[in-house]
Amino acid sequence: MSIVIDANLLYLQNRLNLSSEKLELYQGKSIEEVLEAEAAAGNELAIELANELLTNVNLLIEIFKLADPNNKFIILMNMNEQQLRGFLPLMEHNDLVQGLMYFTQDKLLSMLEEIPSEQLVKTVLQMFSEEEVVQLVPDEQLDKILTFHDLDKNKVLQHLKSIPPEYIAQMLESVTGEAVEEQNQYDMISQIGDLNPLEYKDALTSLQPTQKQQLTLSLAKENPKLFELIDARAYTNMIDVHKQKPDIVKAMNVIEDDHIINMISQLPNDLMSIVITQLDTEVFADHLMKKNPEIIADIIAG
């Protein structure tokens with residue numbers, strides 16, 4: 001493998017104390033060839049520089065103009081997938097998130113379905129209010145929350161007090177099959193609490209959509225973890241209908257780095273390389289020197 005990038009010949013000339021005429025002779029030569037020729041001619045500065053190139057980060061940056069993203073890209077394109085992934089944990093969070101723009105919207109949504117539910121909910125709530133979530137997800141997702149086995153029944157009955165009495169009566173009628181005479185709201189809620197488990201669940205899921213949304217929202221505001229019960233696919237379908245890719249990527253800023261890194265690592269090598277060119281130059285050169293010295297040797301060899 002031969003990696004050819006635009007070296008800083010002016011720096012090389014000054015460092016090795018070369019005349020303009022001599023530098024002209026070295027045009028088109030690799031750094032290694034120049035250093036070997038100068039060392040053979042007795043230039044001790046060349047020997048010193050050759051030793052430094054493998055240990056001095058600032059020198060590496062200076063000679064190979066690593067502050068130039070194009071030079072970084074040329075180097076990265078000569079690396080394999082595993083080598084490229086080694087740079088990702090070193091990147092700034094915002095640069096990683098921007099790299100998500102290289103994915104299609106469909107791919108972004110499929111990756112969102114794979115992250116922990118807590119991370120997904122955080123992302124969703126960057127794009128939608130809690131009120132919008134309960135309005136936009138399918139009715140069966142609200143049923144899933146209301147019938148969750150760990151949901152405190154007493155909490156549910158307490159929150160039912162905010163539902164108008166006529167809807168409470170409908171809940172009872174749906175499971176008993178009998179018309180409910182005009183009763184005190186609290187008495188009806190007490191009757192719902194006394195239903196057997198199956199009837200109790202049927203009563204909750206029989207609520208009219210608007211009241212079901214109200215009850216779910218009230219419970220979830222008190223216990224936001226309940227939003228994690230909603231299926232990932234329900235969330236991504238909602239996002240796909242109502243949001244565009246820039247909005248999605250912006251919202252994904254709240255996802256932890258480990259998950260973003262797993263996503264970026266799914267890019268093809270050329271696109272992953274473009275993302276990595278945003279890495280701080282000194283951090284880039286230091287990692288290159290410590291983890292990929294063979295790449296540096298190839299750069300020097302030109």
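Because only heavy atoms are used, hydrogens play no part in the values below, and waters and symmetry mates are left out as well, while side chains stay in.
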Suppose the criterion is ring pair (Phe, Tyr, Trp, His ring centres under 6.0 Å): which pairs have a residue in residues 72-97, not counting sequence neighbours? F87-F284, F87-H287
pair L226-L151: side-chain heavy atoms closer than 4.5 Å: yes
State which residues pass side-chain contact (heavy atoms from CB on, under 4.5 Å) with K161; sequence neighbours excluded, sorted by chain then number. Q158, Y186, I189
Would you kindly confirm whether M77 and L60 end up in one hydrophobic cluster when ILVMFWY residues are joined by side chain heavy atoms under 4.5 Å apart? yes
Value for CD1 (I255) from CD1 (I115), rounded to nearest 0.5 Å, stands at 4.0 Å
Contact check, side chains of D95 and L279, non-hydrogen atoms, under 4.5 Å: no
Kindly state each residue pair satisfying salt bridge (Lys or Arg N to Asp or Glu O under 4.0 Å) with at least one member in residues 201-225, sequence neighbours excluded. E130-K221, E131-K221, D139-K212, D143-K212, K155-E222, K225-E228
Indicate yes or no for a side-chain donor-acceptor contact from Q119 to the backbone of P116 under 3.5 Å, with no hydrogens or angles considered. no
Using the rule that two of Ile, Leu, Val, Met, Phe, Trp, Tyr join whenever any of their side-chain heavy atoms come within less than 4.5 Å, decide whether V254 and L100 are in one cluster. no
Do the non-hydrogen side-chain atoms of L35 and E32 ever get within less than 4.5 Å of each other? no
Report whether F148 and V121 are members of the same hydrophobic cluster (ILVMFWY, side-chain heavy atoms less than 4.5 Å apart, transitive linking). yes
Do other residues, nucleotides or ligands put more than 12 heavy atoms under 6.0 Å from the CD atom of Q244? no
Which pairs pass salt bridge (Lys or Arg N to Asp or Glu O under 4.0 Å) with one or both residues in residues 163-179, sequence neighbours excluded? none
Heavy atoms only: give me the nearest Y200-I192 pair and the separation to one decimal. CD1-O, 3.6 Å
Looking at V275 and G99, what are the two nearest heavy atoms and their distance? CG2-CA, 3.8 Å
Pairs meeting criterion salt bridge (Lys or Arg N to Asp or Glu O under 4.0 Å) with involvement of residues 279-291, two or more places apart: D286-K290
Output yes when a side-chain donor or acceptor of N51 lies under 3.5 Å from a complementary backbone atom of I47, and no otherwise. yes
For L59 versus L53, what's the shortest heavy-atom pair and its separation? CD2-N, 3.8 Å
Taking Q13 for its side chain and K22 for its backbone only, find out whether a donor-acceptor pair lies under 3.5 Å. no
Not counting sequence neighbours, which residues clear side-chain hydrogen bond (donor to acceptor under 3.5 Å, both in side chains) with S174? List them please. S206
In the structure I gave you, are the side-chain heavy atoms of I296 and N292 within less than 4.5 Å of one another anywhere? no
According to side chain to side chain donor-acceptor pair (under 3.5 Å), does anything in residues 263-275 pair up with another residue at least two apart or in another chain? List the pairs. K107-Q266
Under the side-chain contact (heavy atoms from CB on, under 4.5 Å) test, which residues partner P138, sequence neighbours left out? E140, Q141, A234
Side-chain contact, heavy-atom cut-off 4.5 Å: Q170 with L207? no
Close side-chain approach of N223 and D152, heavy atoms under 4.5 Å: no
Applying salt bridge (Lys or Arg N to Asp or Glu O under 4.0 Å), can you list everything that pairs with E92, at least two apart in sequence or on another chain? none
Just wondering, more than 12 heavy atoms not from K29 lying within 6.0 Å of its NZ? no
If you count heavy atoms of other groups shown closer than 6.0 angstrom to NZ of K243, is the number above 12? yes
Nearest heavy-atom contact between E33 and S30 is OE1-N, 2.8 Å
Taking the side chain as every heavy atom from C-beta outward, state whether P268 and L271 have any atom pair closer than 4.5 Å. yes
Are L45 and L49 connected into the same hydrophobic cluster when the rule is that any two of I, L, V, M, F, W, Y join if their side-chain heavy atoms are below 4.5 Å apart? yes
Option from L142, L146, T147 for which side chain to side chain contact (heavy atoms under 4.5 Å, CB included) with T205 holds: T147
Residue pairs, two or more places apart or on separate chains, that pass salt bridge (Lys or Arg N to Asp or Glu O under 4.0 Å) and touch residues 39-52: R15-E48, R15-E52
Do the side chains of Y11 and L18 join up, straight or via other hydrophobic residues, at under 4.5 Å, putting them in one cluster? yes
Any donor-acceptor N/O pair, T176 side chain to L172 backbone, under 3.5 Å: yes
Set of residues satisfying side-chain hydrogen bond (donor to acceptor under 3.5 Å, both in side chains) with respect to T277, sequence neighbours excluded: none
On a heavy-atom basis, which atom in A285 and which in I61 lie closest, and how many Å separate them? CB-CG1, 3.6 Å
Could you check whether any side-chain heavy atom of E21 comes within less than 4.5 Å of a side-chain heavy atom of E24, counting everything from C-beta outward? no
Passing option when R85 is tested against Q82, Q83, E81 for side chain to side chain contact (heavy atoms under 4.5 Å, CB included): E81
Using the side-chain hydrogen bond (donor to acceptor under 3.5 Å, both in side chains) criterion, which residues pair with N43? Sequence neighbours excluded. E38
Pair Q191-D194, side-chain donor/acceptor within less than 3.5 Å: no
In short, N71 meets F64 closest at the heavy-atom pair ND2-O, 2.9 Å
